[in-house]
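Presented below is the structure to which this report refers.
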Amino acid sequence: MLLDRFLPRIDFDSYEDFKQNYKVNVPEDFNFGFDIVDAWAKQDESKVALVWCDDHDNEKTLTFSEVSRLSNKTANYFKSLGIKKGSVVLLVLRRRWEYWICATALHKLGAILIPGSLQLTKKDIAYRANAAKISAIVCVDDPFVIEQAELAEPEAPTLAHKILVGAPRAGWLDFAEGIAPQSEEFPRPEGEEGTRWDDIMLVYFTSGTTGMPKMVRHNFSYPLGHIVTAKYWQQVQENKLHMSVSDSGWAKFGWGKIYGQWICGAVIFAYDMEKFVPLKLLEKITKYKITTFCAPPTMFRFMLQEDVTRFDLSSIKHCCIAGEPLNPEVFSKWYELTGLKLCEGFGQTEGSVLIANFPWFEPKPGSMGKPAPLYNIQLLDADGNPCEDGDEGSIVICDIDKEAPVGLFTGYYKDEAMTQEKLGSGNYDLCDMAWRDSKGYYWFVGRNDDVIKCSGYRIGPFEVESALLEHPSVVECAITAAPDPVRGQVVKATIVLAKGYEPSEALIKELQNHVKRVTAPYKYPRIVEFVKELPKTLGGKIKRAEIRRNSEQ
């Protein structure tokens with residue numbers, strides 16, 4: 001077990017004990033590639049690290065020893081191309097097993113890894129290449145990705161190498177061919193080429209819901225921040241399969257498919273799905289006997305549209321959700337069918353799990369849970385004063401200037417002005433609204449700019465969305481403000497209907513009355529629009545700002 005190298009204490013008697021006494025020791029030269037991947041390989045050469053499959057019946061199992069050797073070969077190959085400590089490399093690999101190899105290799109080199117989504121366009125790739133000074137891109141052999149990268153190349157002068165994973169292609173370096181002749185040994189770099197815990201390891205581009213994406217900067221201690229994410233929220237088990245549903249282009253991948261899970265010795269299960277199909281996902285969970293499982297609430301909602309009772313899900317011991325707030329109706333239906341309580345976790349690209357449902361207390365349907373240790377999380381009002389129980393406030397991580405929490409971002413890459421603006425006060429305001437009940441549970445309200453002000457009332461979109469999702473006709477919805485000459489703003493519901501339902505005036509009236517019954521009558525949606533799908537960012541978040549703009553036209 002590697003955890004005791006980093007945690008003075010692993011077991012705790014209560015949430016209060018956990019919150020007060022959880023600590024992480026960060027070695028001066030901590031490097032995930034050497035101190036986790038290679039360490040497991042040395043401890044047990046047969047220990048399984050990854051079980052991978054795709055939609056075409058391809059399967060692959062990798063031990064930590066194999067990941068160690070392959071990442072060494074890859075590090076040597078990258079080094080031969082001039083990639084070194086501080087070089088910036090973009091990985092666009094979906095859920096290919098090679099992602100884990102490339103990521104580990106880049107960490108060993110001390111290069112800066114930028115994960116990228118398969119949906120990036122020419123504009124997106126060119127923007128990232130120039131903003132971050134990317135020197136190489138490693139892509140999966142997807143026609144769209146290849147085309148967009150090739151179109152972006154003339155506008156990206158720092159991009160020196162294009163490397164392809166999969167079928168060879170003219171104009172691209174072949175990944176498999178490149179690593180084949182390389183040595184399986186890669187000595188840990190020392191001196192200036194070695195890494196410290198506070199060197200830059202990883203840069204995430206945010207979803208860009210407001211303006212151009214920001215470059216969120218994490219250092220080499222970041223993986224240790226995800227011990228809480230994996231062990232105490234997702235409750236992964238050593239040598240058992242854990243599945244988090246995420247593309248490698250997003251921070252959720254770092255949350256659930258590599259760092260904390262491998263530190264805890266869990267086996268990562270990776271299903272390289274080309275498209276989310278609820279039945280296929282249920283089949284994979286059943287076939288591979290997943291032990292711990294994490295997915296966004298939307299996926300649970302769509303799985304619940306199928307006959308879940310057809311599948312043997314008894315291998316699952318713990319389920320959790322993240323990425324968006326959990327609606328109580330989803331919690332109740334999943335629990336009724338499986339006996340599993342969905343444990344919500346909350347956070348941002350900028351950190352590890354911040355608020356979550358931990359093992360020492362019962363999850364409340366719809367609640368984010370309670371603050372994670374290492375983070376001094378407070379709810380503050382508009383004047384910066386702490387909120388009383390029951391009052392809405394902005395979620396703020398306080399006192400980061402006194403001791404930077406392990407797992408929290410260190411600023412925005414190549415933008416010290418924004419870094420100072422966001423972190424210079426010693427507090428980090430997430431710009432998310434929540435309230436806390438008398439038992440210490442936190443409840444999400446919405447983004448600061450999503451809260452609706454109607455006739456003097458403040459209406460959080462999440463509560464209305466939860467009410468609508470209790471109705472069988474609603475599979476997905478977004479609540480936004482629409483301008484109104486009398487009330488200032490009114491509530492608008494944009495709804496995706498479940499199978500078997502069609503839009504009608506009668507259904508609109510039924511949904512409005514349903515919300516009046518479930519929550520305060522003044523919160524009902526005065527405008528209802530039915531759509532085939534909701535507009536979303538590349539990261540899968542609902543583009544509420546786009547819906548609001550459409551309402552204003």
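We count residues from 1, following the sequence as given. Predicted model only: the values in this text are computed from it and were never measured. Computed over heavy atoms, backbone and side chain alike; hydrogens, waters and symmetry mates excluded.
Note on ring orientation: taking the six-membered ring where Trp is involved, the planes of Trp100 and Phe253 are tilted (angle from 30° to 60°). In this structure, Phe175 and Phe78 have tilted ring planes: the angle between them lies in the 30° to 60° band. Between Phe300 and Phe293, the angle of the ring planes goes over 60°, which puts this pair in the perpendicular group of the 30/60° scheme. In this pair, Phe361 and Tyr15 present their aromatic rings perpendicular. The plane angle is above 60°, beyond the 30 to 60° band.
Remark: Lys108 fails to qualify as a cation-pi partner of Phe186 under the 6.0 Å distance and 45° angle criteria applied to the six-membered ring. Remark: Lys422 fails to qualify as a cation-pi partner of Tyr412 under the 6.0 Å distance and 45° angle criteria applied to the six-membered ring.
Tested against Met273 for a side-chain contact (heavy atoms from CB on, under 4.5 Å), the candidates Lys280, Arg94, Arg95 yield a single pass: Arg95.
Sorted by first then second residue, the side-chain hydrogen bond (donor to acceptor under 3.5 Å, both in side chains) pairs that include residues 222-231, not counting sequence neighbours, are Tyr222-His226, His226-Thr229. Applying the side-chain hydrogen bond (donor to acceptor under 3.5 Å, both in side chains) definition to pairs two or more places apart or across chains, those involving residues 256-268 are His107-Tyr259, Gln234-Gln261.
For the atom pair CZ (Arg196) and CD (Glu28), the distance works out to 4.0 Å, reported to the nearest 0.5 Å. Interatomic distance, NZ of Lys214 versus CZ of Phe409, reported as 8.5 Å (0.5 Å rounding). Atom CD1 of residue Ile101 and atom CG of residue Leu106 lie 11.5 Å apart, to the nearest 0.5 angstrom.
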Worksheet item: Taking it one step at a time, do Asn427 and Ser425 satisfy side chain to side chain donor-acceptor pair (under 3.5 Å)?
Response: CA-CA 5 Å; Asn427 293 339; Ser425 69; 4.9 Å; no

Worksheet item: Can Glu66 and Lys60 be said to form a salt bridge (charged side-chain N to carboxylate O under 4.0 Å, His left out), step by step?
Response: CA-CA 12 Å; Glu66 290 168 317; Lys60 193 174 187 70; over 6 Å; no

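Between Lys85 and Asp199 there is a salt bridge, since a side-chain N of the basic residue sits under 4.0 Å from a carboxylate O of the acidic one.
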